[in-house]
Amino acid sequence: MIIRTTIKATLFAAVCLLTGCLGRPHLDRQTFLFAPPPSAPKGAPGSRVLGIRTLQVAAPFESREFLYRTGDYSYEHDPYAEFMVPPADGLISPVCSWIRAAGVFREVEEPGSALKPDTLVEIHVSELYGDFRPATNATAVLAMRFDFFEAPHGIPGKAILQREYSREIPLKARTAAALVDGWNQGLAQILDSAMLDFGRSDENTSKP
């Protein structure tokens with residue numbers, strides 16, 4: 001009887017080790033959305049109508065579950081923290097709202113809008129994770145590329161601006177909520193830089 005009980009206990013412990021129930025306490029799942037801080041108007045609204053042609057997230061970072069960097073070449077997903085929708089879908093609305101509020105464009109349209117834009121942008125997110133490597137300061141990592149094009153007939157033409165931006169925002173705590181705050185700050189900073197750069201490039205493009 002004692003031997004049978006010992007075997008059962010050993011098997012239970014092995015199963016727990018394989019499934020991770022001994023390595024992490026039970027937690028409630030947390031769900032988040034992107035919400036960058038409001039933008040400040042840059043001046044009089046421009047005359048262009050911007051359309052978001054595509055917004056894509058690189059394959060390693062497109063999952064709803066948060067991704068943490070744990071070593072130089074190792075990452076792990078957090079089963080207890082996730083985006084409400086896939087990050088590519090969750091970024092569209094806040095990015096459009098932020099750019100619209102910045103006043104650089106007369107209007108900003110999301111994909112599928114009936115309003116025909118005269119300027120298009122393709123956005124690619126190449127990095128989106130929390131850097132939680134041991135013995136380092138935790139940071140929210142976000143990298144994005146913006147490709148703006150003239151589109152007088154709704155088709156991308158001459159390039160206005162093609163540039164990559166990245167931010168590493170120090171976190172106040174090693175938590176999912178702090179990570180989201182960091183991503184939102186990084187997103188606002190990247191969008192601010194992209195709008196300033198677009199304004200300068202557009203001026204140069206418009207010169208005879």
Side-chain angles (χ1 to χ4, degrees), residues 17 19-42 52 54-102 104 108 121-147 163-198:
L17 285 172
T19 58
C21 63
L22 292 182
R24 180 192 300 268
H26 175 73
L27 298 171
D28 293 329
R29 185 183 294 273
Q30 296 177 289
T31 304
F32 299 91
L33 286 171
F34 289 103
S39 60
K42 307 301 181 214
I52 309 295
T54 59
L55 195 160
Q56 299 176 328
V57 177
F61 313 106
E62 64 184 354
S63 171
R64 288 176 57 188
E65 291 184 344
F66 285 12
L67 184 67
Y68 303 148
R69 186 175 184 179
T70 56
D72 290 343
Y73 307 104
S74 60
Y75 296 80
E76 69 175 30
H77 284 282
D78 187 344
Y80 300 103
E82 66 178 11
F83 296 108
M84 184 175 292
V85 295
D89 297 330
L91 278 166
I92 286 285
S93 182
V95 165
C96 286
S97 297
W98 198 99
I99 297 177
R100 190 178 294 120
V104 177
V108 181
V121 62
E122 296 177 354
I123 303 172
H124 180 74
V125 179
S126 56
E127 293 184 306
L128 177 65
Y129 64 89
D131 192 341
F132 290 156
R133 285 175 289 180
T136 62
N137 295 324
T139 59
V141 179
L142 177 63
M144 305 174 72
R145 178 179 176 84
F146 291 79
D147 295 314
R163 192 159 298 173
E164 295 182 359
Y165 304 87
S166 64
R167 294 292 186 276
E168 295 183 8
I169 306 298
L171 303 187
K172 296 179 180 179
R174 288 176 174 256
T175 64
L179 178 58
V180 174
D181 287 341
W183 279 332
N184 284 326
Q185 292 179 43
L187 179 58
Q189 292 179 16
I190 287 175
L191 290 171
D192 187 58
S193 295
M195 292 304 98
L196 289 173
D197 290 341
F198 176 85

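The closest side-chain donor-acceptor pair between Thr136 and Arg69, if any, does not fall under 3.5 angstrom. A donor atom on one side chain and an acceptor atom on the other are not found under 3.5 Å apart for Asp28 and Tyr80.
What you find for Ala178 and Ala173 is that their closest heavy atoms are CB-O, 3.3 Å. Taking every heavy atom of both residues into account, Pro79 and Glu65 meet most closely at CA-OE2, 3.9 Å. In terms of heavy atoms, Arg100 sits closest to Val108 at NH2-O, 2.5 Å. Taking every heavy atom of both residues into account, Ala176 and Tyr68 meet most closely at CB-OH, 4.0 Å. Between Thr31 and Met84 the shortest heavy-atom distance is CG2-CA, 3.4 Å. Here the closest non-hydrogen pair linking Ile190 and Met144 is CG2-SD, 4.0 Å.
For the pair Asp192 and Ser39, the minimum side-chain heavy-atom distance is 4.5 Å or more. Side-chain contact check for Val141 versus Leu128: every heavy-atom pair is 4.5 Å or farther apart. Counting heavy atoms from C-beta outward, Val95 and Ile123 have side chains that approach closer than 4.5 Å. With contacts defined as side-chain heavy-atom distances shorter than 4.5 Å, the pair Glu82/Arg29 qualifies. Under the 4.5 Å side-chain criterion, counting only non-hydrogen atoms from C-beta, Met195 is in contact with Val104. Proximity of Arg167 to Ser193: side-chain heavy atoms (C-beta onward) are separated by under 4.5 Å at one or more points. Using a 4.5 Å cut-off on side-chain heavy atoms (C-beta onward), Val121 and Asp147 make no contact. Within the 4.5 Å cutoff, the side chain of Pro36 has heavy atoms near those of the Asn184 side chain.
Listed by first then second residue, pairs satisfying salt bridge (charged side-chain N to carboxylate O under 4.0 Å, His left out) with a partner in residues 127-138 read Asp72-Arg133, Asp131-Arg133, not counting sequence neighbours.
Between the OG1 atom in Thr70 and the OH atom in Tyr129 there is a gap of 11.0 Å [rounded to 0.5 Å]. Separation of atoms CD (Glu76) and CG (Asp78) is listed at 7.5 Å; rounding is to 0.5 Å. Expressed to the nearest 0.5 Å, how far CG of Leu179 lies from CG of Leu67 amounts to 10.0 Å. Residue Phe146 holds its CZ atom at 8.0 Å from CG of Leu55, rounded to the nearest 0.5 Å.
A donor-acceptor contact shorter than 3.5 Å is absent between the side chain of Ser97 and the backbone of Pro94. Remark: the backbone N or O of Gly130 is not paired with any side-chain donor or acceptor of Trp183 at under 3.5 angstrom.
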Practice problem: Carefully, step by step, assess Arg145 and Ser126 under the rule side chain to side chain contact (heavy atoms under 4.5 Å, CB included). | Solution: CA-CA 8 Å; Arg145 178 179 176 84; Ser126 56; over 6 Å; no
Self-check item: Ser166 vs Leu142, side chain to side chain contact (heavy atoms under 4.5 Å, CB included): CA-CA, chis, key distance, verdict
Solution: CA-CA 6 Å; Ser166 64; Leu142 177 63; over 6 Å; no
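For Asp89, the CG atom sits in a packed shell: over 12 heavy atoms of surrounding residues, nucleotides or ligands are nearer than 6.0 Å.
For Phe66 and Phe83, the gap between ring centers is short of 6.0 Å.
Ring-plane geometry between Phe61 and Tyr75 is classed as perpendicular, the angle between the planes exceeding 60 degrees on a 0 to 90 degree scale with a lower cut at 30.
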